[in-house]
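Read the structure below first, then the notes.
Throughout, protein chains are lettered first and strands after them, A, B, ... in sequence-line order, and every chain is numbered starting at 1.
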There are 2 protein chains.
Amino acid sequence: MTALVAPFDSDLQQAYGPSACLCPCRNETLTLVLSQDRTIDLYELERLLESVGWSRRPLRRVRRALEHSVMVVGLWRHDPRMPRLIGFARCTGDGVIEATIWDVAIHPSYQGAGLGRALMDYVLAELRRREVERVSLFADPGVVDFYARQGWDLEPLQRRCAFWYAT
Amino acid sequence: MTALVAPFDSDLQQAYGPSACLCPCRNETLTLVLSQDRTIDLYELERLLESVGWSRRPLRRVRRALEHSVMVVGLWRHDPRMPRLIGFARCTGDGVIEATIWDVAIHPSYQGAGLGRALMDYVLAELRRREVERVSLFADPGVVDFYARQGWDLEPLQRRCAFWYAT
């Protein structure tokens, strides 16, 4: 991925912040940008997450969850007036030893073009920069191969994931 | 579990803080206390984690990880002068939607007495109080049954856990 360097991309840098970088894309007519700085519209995020089949959650809870995440990344289809959020991921964690990735989503219209891989590369590069030791996630059956191909260890040491739901 | 109520247990409350409660124990000669408030000595924590077979980590990183955890719980064997840390658990998360439990440990000398169960009950009660929707953890093979007996869902919807390690 290419960092945005002023003065060539000063407009993009201004729109997406210092953490922004261009996201590689096979379609050269598109400008796609990854950023942790650009504010995410919660309604747009909910539409994105619904587009990949996830259920709606109360916006005030989503807002608080994002505020307390250690990293929030948007993938934007650039448009000078109205950038569109087409990808998303966030992490919780202690900032040092453990990070856990949640809500990885690429809008269905943009899937199959390597953007999920680019998004994960961006997230892992940032966690590596912060010197986080270990990153974890919970993979739905349909994306297990996606993570395995990227070198993730599935259930190392026969660890199993367990969930408890508030009722 | 019994909340500590002044004036009966004012000494305990003072030593362990407002979050403290007595931990049930079959051996009535012991007073065991769960608390989020009492400061954890990092050397004592490392000894506890080593006693259950976990590798040593740099203390400055452990300190930062604890500071950035959303919950840190100690299980103490009470002694008026020198309480001993015999159990531990911590959570990361966004405080609203997701919490992940790490480093659940009971000192081997105190295992088999229901203390792990009591520790987990305390953690889940606190997360429920905070209205966290979902709690996750990664269970080593030896403790999968422990969590299954407590009603945790193992790999719901065939989710699998994946790990990435910084190199």
Side-chain angles (χ1 to χ4, degrees), chain A residues 57-58 60-70 72 90-103 120 123-124 127-144 146-148 150-167, chain B residues 57-58 60-70 72 90-103 120 123-124 127-144 146-148 150-167:
Chain A
R57 296 177 294 200
R60 64 178 175 78
R61 293 179 69 80
V62 174
R63 180 182 296 112
R64 279 181 55 206
L66 264 54
E67 286 168 357
H68 291 90
S69 296
V70 295
V72 174
R90 70 181 177 105
C91 301
T92 57
D94 55 37
V96 188
I97 295 174
E98 308 283 359
T100 310
I101 302 178
W102 304 99
D103 300 340
M120 292 303 289
V123 169
L124 289 178
L127 292 172
R128 191 184 284 118
R129 193 187 67 74
R130 299 184 190 183
E131 299 184 352
V132 170
E133 288 176 22
R134 184 166 70 164
V135 189
S136 48
L137 57 78
F138 302 96
D140 288 334
V143 292
V144 165
F146 168 77
Y147 290 112
Q150 292 177 40
W152 286 72
D153 273 345
L154 293 166
E155 286 126 14
L157 309 173
Q158 280 72 54
R159 278 199 196 94
R160 297 179 66 188
C161 60
F163 287 88
W164 174 93
Y165 298 88
T167 49
Chain B
R57 297 179 292 200
R60 64 178 175 79
R61 294 181 68 81
V62 173
R63 180 181 298 111
R64 279 182 55 206
L66 264 54
E67 286 167 358
H68 291 89
S69 296
V70 295
V72 174
R90 69 182 178 104
C91 300
T92 57
D94 55 36
V96 188
I97 294 174
E98 306 285 359
T100 309
I101 302 178
W102 304 98
D103 300 340
M120 293 303 290
V123 169
L124 290 178
L127 292 172
R128 191 183 285 117
R129 192 187 68 74
R130 299 185 191 184
E131 300 184 354
V132 171
E133 287 175 23
R134 185 166 70 163
V135 189
S136 48
L137 57 78
F138 302 96
D140 288 335
V143 291
V144 166
F146 168 77
Y147 290 112
Q150 293 176 40
W152 286 71
D153 274 344
L154 292 166
E155 287 124 15
L157 309 172
Q158 280 71 55
R159 277 201 195 93
R160 296 180 66 189
C161 61
F163 287 87
W164 173 94
Y165 298 88
T167 49

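In terms of non-hydrogen atom pairs under 4.5 Å with chain B, the most contact-rich of A/A148, A/G151, A/P141 is A/P141. The choice from B/D140, B/L137, B/V144, B/L127 that makes the most heavy-atom pairs within less than 4.5 Å of chain A is B/L137. With respect to chain B, the highest number of heavy-atom pairs below 4.5 Å among A/T92, A/V96, A/V62 belongs to A/V96. Interface remark: of the candidates A/R134, A/R64, A/H68, A/R134 forms the most heavy-atom pairs closer than 4.5 Å to chain B.
The shortest distance between side-chain heavy atoms of B/W102 and A/T100 falls below 4.5 Å.
Between the CZ atom of A/R128 and the OH atom of B/Y165 there is a distance of 15.0 Å, given to the nearest 0.5 Å.
Residues passing the side chain to side chain contact (heavy atoms under 4.5 Å, CB included) test with A/V70 are A/C91, A/R130, sequence neighbours excluded. For B/F163, the ring-ring contact (aromatic ring centres under 6.0 Å, His included) criterion is met by B/F138, not counting sequence neighbours.
At a 4.5 Å heavy-atom cutoff, the contact between A/S136 and chain B is made by backbone and side-chain atoms alike. Using a 4.5 Å cut-off between heavy atoms, A/L124 touches chain B through backbone and side chain atoms alike. Residue contact with chain B, scored on non-hydrogen atoms closer than 4.5 Å, is absent for A/E67. At a 4.5 Å heavy-atom cutoff, the contact between A/V132 and chain B is made by backbone atoms alone.
Screening A/R57, A/R90, A/R61 for a salt bridge (Lys or Arg N to Asp or Glu O under 4.0 Å) with B/D94, the sole residue that qualifies is A/R90.
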Evaluation steps, side chain to side chain contact (heavy atoms under 4.5 Å, CB included), between A/R160 and B/W152
CA-CA 11 Å; A/R160 297 179 66 188; B/W152 286 71; over 6 Å; no

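No more than 12 heavy atoms of other residues, nucleotides or ligands shown are found within 6.0 angstrom of CD on B/E131.
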